[in-house]
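Labels below follow one simple rule: chain letters A, B, ... track the order of the sequence lines, proteins then strands, and each chain is numbered from 1. Atom set for the values below is all heavy atoms of this structure, side chains included, hydrogens, waters and symmetry mates excluded.
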Number of protein chains: 2
Amino acid sequence: MFFSINPTNGLAIFDQIVRQVKFAVASGTLMPGDMVPSVRELAKELAVNPNTVVRAYRDLTNEGILEAVRGTGLNVTEDAVAHCEKERLGLLRERVRHVLVEAHSSRLETSEIRELVEEELTRLERAAKGKRGKKGADS
Amino acid sequence: MFFSINPTNGLAIFDQIVRQVKFAVASGTLMPGDMVPSVRELAKELAVNPNTVVRAYRDLTNEGILEAVRGTGLNVTEDAVAHCEKERLGLLRERVRHVLVEAHSSRLETSEIRELVEEELTRLERAAKGKRGKKGADS
DNA sequence: CGAAGTGTTCTATCGTGATAGAACACTAAA
DNA sequence: TTTAGTGTTCTATCACGATAGAACACTTCG
């Protein structure tokens with residue numbers, strides 16, 4: 001499915017859900033009118049408490065990204081796309097910055113930091129490529 | 001001084017202290033026989049509860065990086081250098097990886113991620129340079 | 001109608017990081 | 001010896017994220 005939880009992320013579970021919904025909207029994976037998984041369903045899939053999903057969906061609703069259709073579910077609003085596209089880079093940038101600041105303040109040379117990032121980036125690409133070719137055509 | 005706390009880091013305060021001590025040892029800023037700031041002094045400097053510093057120093061002592069000289073203070077052990085040098089890259093790598101994974105799973109192209117990192121890296125360099133030239137020669 | 005599915009709102013409990021304040025054993029220096 | 005500074009070890013309390021379980025209003029479908 002769309003979402004996955006990483007417990008060692010440094011981010012709260014509800015925050016990871018919020019961000020992933022936003023990213024999905026920004027990238028077109030989730031479009032206006034689409035319905036997100038129900039509270040109970042997503043909670044089951046992520047092996048997480050329903051209240052944690054409620055918290056995430058509540059935040060998203062308050063931000064105007066989701067809207068409730070009572071008795072039916074939550075769907076992505078029209079405004080969501082612009083909102084999420086605008087926010088996505090900022091959200092990622094903030095995390096990137098924190099890590100780089102720590103690396104820099106640990107007296108790592110800029111070149112060493114760049115090398116470290118490059119290593120992990122290529123490793124990530126390899127993993128993604130391997131996954132694509134693993135079982136059945138995905139495209 | 002050596003240490004600084006970032007509240008929006010995603011890392012617990014005690015963990016930030018632990019990491020910064022390790023990084024300082026790995027980079028030679030802190031050498032075997034050097035004494036770390038006293039619990040109460042560091043707590044005051046960081047505007048943090050003494051128990052939080054105790055927690056950090058306890059972890060470091062249990063890992064063999066610091067040793068207590070009762071009534072005097074805590075100093076860096078001989079083994080610390082090897083231990084911290086070996087650990088430093090791994091600690092940073094883990095955080096880098098988490099961020100890159102999130103960026104990648106947000107459907108950002110590798111090139112876009114690289115660009116984002118590069119932007120923040122140069123910004124970091126500019127800031128460091130600005131600070132150096134700000135007040136009195138540092139070199 | 002009734003059953004099953006939505007979101008929503010409660011209360012209670014738990015773990016953890018952090019704070020607050022106190023006490024203890026020890027050592028160095030006046 | 002006294003004083004002031006070490007680390008160490010308690011107990012309590014708080015905030016917050018997460019869990020657990022329940023109830024409510026609503027809509028869809030048989």
Pairs meeting criterion side-chain hydrogen bond (donor to acceptor under 3.5 Å, both in side chains) with involvement of residues 89-98 of chain A, two or more places apart: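 Found R93(A)-E119(B), R93(A)-E120(B), R95(A)-E102(B), R97(A)-E120(B), H98(A)-T8(B).
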Are L89(B) and E112(A) close enough that some pair of their side-chain heavy atoms sits under 4.5 Å apart?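 Side chain of L89(B) against side chain of E112(A), heavy atoms only: no contact under 4.5 Å found.
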Counting only heavy atoms and a strict 4.0 angstrom limit, can you tell me which residues of residues 12-24 of chain B come near DNA chain C?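 Only A12(B), I13(B), F14(B) qualify.
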Rounded to the nearest 0.5 Å, how far apart are CZ of R19(B) and CG of N9(B)?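 Interatomic distance, R19(B) CZ to N9(B) CG, rounded to 0.5 Å: 8.5 Å.
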5'-most contact on DNA chain D: E41(B) or P50(A), nearest heavy atom basis?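 Counting from the 5' end, the first nearest nucleotide belongs to E41(B).
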Residues two or more places apart in sequence or in another chain: which of them pass side-chain contact (heavy atoms from CB on, under 4.5 Å) with [X]?
{"X": "D59(B)", "result": "F14(B), V18(B), R55(B)"}
{"X": "S111(B)", "result": "E109(B)"}
{"X": "L74(B)", "result": "V36(B), Y57(B), T61(B), L66(B), A68(B)"}
{"X": "I13(A)", "result": "I5(A), I17(A), V48(A), T52(A)"}

In whole Å, what is the span from the [atom1] atom of [X] to the [atom2] atom of [N]?
{"X": "I5(A)", "N": "dA18(D)", "atom1": "CD1", "atom2": "P", "answer": "9 Å"}
{"X": "L46(B)", "N": "dA18(C)", "atom1": "CG", "atom2": "C1'", "answer": "14 Å"}
{"X": "D59(A)", "N": "dC16(D)", "atom1": "CG", "atom2": "C1'", "answer": "13 Å"}
{"X": "N49(B)", "N": "dT13(D)", "atom1": "CG", "atom2": "C1'", "answer": "12 Å"}
{"X": "M35(A)", "N": "dT27(D)", "atom1": "CE", "atom2": "P", "answer": "13 Å"}
{"X": "L42(B)", "N": "dT6(D)", "atom1": "CG", "atom2": "P", "answer": "12 Å"}
{"X": "E67(A)", "N": "dG7(C)", "atom1": "CD", "atom2": "P", "answer": "13 Å"}
{"X": "N9(A)", "N": "dA18(D)", "atom1": "CG", "atom2": "P", "answer": "11 Å"}

By side chain to side chain donor-acceptor pair (under 3.5 Å) - contacts of E41(A) (at least two apart):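 If we apply the side chain to side chain donor-acceptor pair (under 3.5 Å) test to E41(A), skipping adjacent residues, there are no hits.
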Going by the rule side chain to side chain donor-acceptor pair (under 3.5 Å), which residues pair with S27(A) if we only count those two or more places apart in sequence or in a different chain?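 Per chain and number, S27(A) pairs via side chain to side chain donor-acceptor pair (under 3.5 Å) with T29(A).
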Test of understanding: with salt bridge (charged side-chain N to carboxylate O under 4.0 Å, His left out), list the residues that count as partners of E63(B), not counting sequence neighbours.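 Residues passing salt bridge (charged side-chain N to carboxylate O under 4.0 Å, His left out) with E63(B): K22(B).
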Who are the salt bridge (charged side-chain N to carboxylate O under 4.0 Å, His left out) partners of E118(B), not counting sequence neighbours?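 For E118(B), the residues satisfying salt bridge (charged side-chain N to carboxylate O under 4.0 Å, His left out) (neighbours in sequence not counted) are R114(A).
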Can you figure out which of dT6(D), dT8(D), dA18(C) approaches the side chain of T52(B) most closely?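 The answer is dA18(C).
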Closest to side chain of R40(B), choosing from dG7(D), dT19(D), dG17(C):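 Between dG7(D), dT19(D), dG17(C), the one nearest the side chain of R40(B) would be dG7(D).
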At under 4.0 Å between heavy atoms, which parts of nucleotides 9-15 of chain C does protein reach? Answer with one letter per nucleotide, 5' to 3': B base, S sugar-phosphate only, - none. BB-----
Could you write out each protein N or O paired with an N or O of nucleotides 25-28 of chain C at a distance under 3.5 Å?
from: dA25(C); atom 1: N3; to: R70(B); atom 2: NH2; distance (Å): 3.3

